[in-house]
*Asks:* 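To start, I am sharing the structure in question, which I have written as structure tokens.
Note that the structure is predicted; figures quoted are calculated from it, not measured. In what follows, every chain begins at residue 1, and chains take the letters A, B, ... in the order their sequences are listed.
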Amino acid sequence: MDKIYQRLTPLFRDVFDDDTIVVTPALTARDVETWDSLSNIRLMVGIEQEFGIRFETAEIAGLPNVGALVDVINARLDRKQM
Amino acid sequence: MSSSRTSVTDWNIKTLSWLPRAPDDFREQCQRLMTQAEGSERVGSDLERIAAHALNFNQLNRLGSLINRLKANPKTLEPLDPFRFGILCTGTTDLVVPALAASAARHGIALHVEVPPFDQMVQQSIDSQSQLNTARLDAVLIGYEHRGLRIDADVATLRIKSPDETLSLISTICDGILANSNATAIVQTIPNVVEDTFGNIDLATDSLKLRIEQVNQFIRKQAMNSRCALFDVERIANLVGLDAWHDPVQWNLAKLPFSQGLLPLYAEKCAQLLGAMRGKSRKCLIMDLDNTLWGGVVGDDGVAGLVLGPGSANGEAFAEVQRAALALRSRGILLAVSSKNDDATARAPFREHPEMVLREQHISVFQANWREKSANIEAIASTLGLGLDAMVFLDDNPVEREQVRQALPLVAVPELPNDPAWFTRVLMGAGYFEAITFSNEDRQRAAFYEANARRAEIIDASPNLRDYLQSLESVLAASPFDGVSRSRVAQLINKTNQFNLTTKRCTEGEIASFENESGHITLQARLKDRFGDNGIISAVIGRIETSDLHIDTWVMSCRVLNRYTEYALCNVLVGEARSRDLKRIIGRYRPTTKNGMVKDLYGELGFTVMEERDDETLWCLALDDYKPHDVPMAVQIHGAANVPAYPSFN
């Protein structure tokens with residue numbers, strides 16, 4: 001679980017161009033000034049490429065916080081391993 | 001040199017694997033450039049250097065936003081070539097814009113992007129006062145994608161619709177832009193859909209897939225018209241596969257027309273096209289020999305020990321690289337060799353190995369010695385009269401590649417995988433030699449340069465330059481611009497970087513507007529000699545202001561340098577000006593990083609300095625005192641009245 005956060009932090013910093021971001025479960029779009037619908041797409045495509053997974057439409061638009069996002073990533077990674 | 005810089009990259013078109021990997025401190029470097037630019041430093045060259053890496057789409061976004069911020073102070077973007085670009089597309093373009101600006105910097109262009117309001121493609125193109133038509137754009141991209149076209153089945157009849165409505169829509173937009181602005185219209189083809197309706201017979205029966213293919217055929221034909229250009233996006237989508245291209249999730253969420261993971265590829269291909277329009281396509285391929293054109297080291301293994309041709313898998317791969325180089329040669333790309341070898345050793349396989357595809361006669365300059373590769377590449381460029389930015393250097397050795405990149409950042413040096421099976425894909429897939437048109441002129445270009453190489457040998461052998469030039473039996477034919485020469489004149493004006501006094505670019509529309517127009521004097525000149533016809537090699541645009549002729553544009557092809565062509569043209573210009581009772585010719589020199597060779601041209605032609613400004617020098621020639629220059633050629637003037645033929649050397 002911690003490993004996923006470690007991989008997400010540089011990606012978030014890249015996408016939102018902000019070196020102060022530390023990715024935690026409670027982080028939400030409201031906490032990051034440049035997190036809008038377009039940069040959200042860039043983030044999601046970046047995560048898909050980084051982890052080799054695909055998100056479902058509802059997940060891209062509707063996750064409440066990073067904790068929920070990481071749950072989805074984990075579920076996808078598990079599915080890949082099966 | 002860090003190990004990551006020389007590590008091997010597998011071929012991957014989606015990640016632009018032919019470009020070196022981005023540095024780890026990419027964002028810090030961007031930040032430093034921002035700080036320097038805020039101090040009004042010119043950072044254009046550094047932007048070009050950092051853009052030359054394989055950037056992912058977040059990095060493109062970062063660099064693109066930086067360029068966008070610097071636009072407010074255009075000086076900071078110098079010496080990048082400004083290009084004003086409009087986008088008329090269905091679908092969301094917000095992510096494309098910064099990626100395009102960053103990719104354009106990779107090709108030496110400072111891109112300004114104008115995006116008119118969404119969904120107004122027709123209004124924007126046919127209204128002469130629209131945002132698009134009043135933005136003084138150099139080019140407009142017309143990008144439909146299949147969902148924006150009404151070519152699917154009619155709901156009432158359930159029959160697939162005729163493509164006519166779509167074709168006339170595209171024509172209307174294209175014609176509107178051409179009629180209401182001076183921009184070139186760039187038309188995109190439409191990637192076909194993934195989903196079949198029938199299966200195998202989709203393209204053989206009346207279906208949406210067939211319709212899209214028909215529309216694309218029309219677009220390809222339309223775009224080859226003179227003021228249009230073709231951006232064959234369907235071809236790019238096919239390179240990666242339509243299944244990877246179309247992402248239904250991204251379309252549904254944000255109307256993104258293709259999978260944004262492919263943005264680096266899309267933007268790079270578009271930037272290559274814009275670069276080609278500005279004459280930035282590469283013109284010469286310089287090749288290493290050992291383990292690049294054949295397997296093994298000829299100095300150690302001997303000609304008989306080389307791996308080349310049928311009989312081994314690697315031999316097939318090297319023969320394929322040579323066939324690709326020869327195909328480039330046949331479309332006018334010059335070939336040269338740079339190898340660390342003794343000259344005779346390096347030439348032996350070309351003469352003796354039966355499986356060699358390339359022969360000595362295909363190689364314009366052959367440099368085999370023990371000097372640094374960068375020194376040889378400079379020698380090749382100067383022998384051919386080409387800039388370093390016209391060169392591609394192919395070498396299997398990562399150390400040599402890095403040495404050349406460090407010493408000569410303008411030379412394109414593709415990353416190569418270890419396995420030679422991929423060399424051809426890199427060479428042909430990287431897009432270095434992008435062409436927007438293909439003319440007989442292009443086909444003959446390599447021959448022009450070879451004729452030059454022969455001439456260079458005669459110069460060495462001839463003690464007297466004048467005797468030699470006289471022996472060429474040159475004929476210069478000058479005439480005003482006309483419809484027939486228009487596209488070649490546009491090509492010269494927009495592609496010439498070295499012999500270019502002002503580096504003012506013109507669209508074909510602007511050039512057409514100078515034809516038969518009494519306020520301007522235009523000249524196009526063709527040079528023939530006993531080795532052949534060099535084609536149209538120079539263009540001049542002069543603007544008449546009271547009794548002065550202002551030379552706004554003067555360009556000349558470097559392959560006719562050192563032949564007094566510019567002196568003969570000066571004579572012709574003076575004749576033209578006198579026939580209109582003008583008193584002076586005013587010339588301008590605007591320095592760029594590439595046109596140093598013509599810094600003193602006007603002085604050599606007898607002009608005197610009139611005014612030194614920050615960004616240009618004005619020169620003046622009084623026509624009353626003008627003595628025609630002696631020139632070693634006959635001069636013919638067509639269609640221009642009262643121009644005396646000036647005496648030639650004798």
*Asks:* Would you indicate whether the side-chain heavy atoms of A/Val45 and B/Gln250 approach each other to under 4.5 Å?
*Replies:* yes

*Asks:* Does atom CG of B/Asp243 have more than 12 heavy-atom neighbours from other groups under 6.0 Å away?
*Replies:* no

*Asks:* What part of A/Arg54 gets closer than 4.5 Å to chain B, counting heavy atoms only: side chain, backbone, both or neither?
*Replies:* side chain

*Asks:* Contact part of B/Leu256 toward chain A, heavy-atom cut-off under 4.5 Å: side chain, backbone, both or neither?
*Replies:* side chain

*Asks:* With rounding to the nearest 0.5 Å, note down the distance linking CG in B/Asp94 to OG in A/Ser39.
*Replies:* 11.5 Å

*Asks:* Tell me, yes or no, whether the heavy-atom count around B/Arg425 atom CZ, taken from other residues, nucleotides or ligands under 6.0 Å, exceeds 12.
*Replies:* no

*Asks:* Calculate, to the nearest 0.5 Å, the distance between atoms CG and CZ belonging to B/Asn61 and A/Phe16 respectively.
*Replies:* 11.0 Å

*Asks:* Under 4.5 Å heavy-atom distance to chain A, tell me which part of B/Gln31 shows up: side chain, backbone, both or neither.
*Replies:* neither

*Asks:* Which pair of heavy atoms, one from A/Arg42 and one from B/Phe57, lies closest together, and at what distance?
*Replies:* O-CZ, 3.5 Å

*Asks:* Does this structure show an ion pair linking A/Asp19 with B/Arg27, if we count only N-O contacts that are shorter than 4.0 Å?
*Replies:* yes

*Asks:* For the salt bridge (charged side-chain N to carboxylate O under 4.0 Å, His left out) test, which of A/Asp14, A/Asp17, A/Asp18 pairs with B/Arg62?
*Replies:* A/Asp17

*Asks:* Hey, could you give me the CG/CG distance between A/Leu11 and B/Asn58, rounded to the nearest 0.5 Å?
*Replies:* 6.5 Å

*Asks:* Measuring from atom CD of A/Gln49 to atom NZ of B/Lys14, what distance do you get when rounded to the nearest 0.5 angstrom?
*Replies:* 9.5 Å

*Asks:* What part of B/Asn252 is in contact with chain A, defined as an atom under 4.5 angstrom from a non-hydrogen atom: side chain, backbone, both or neither?
*Replies:* neither

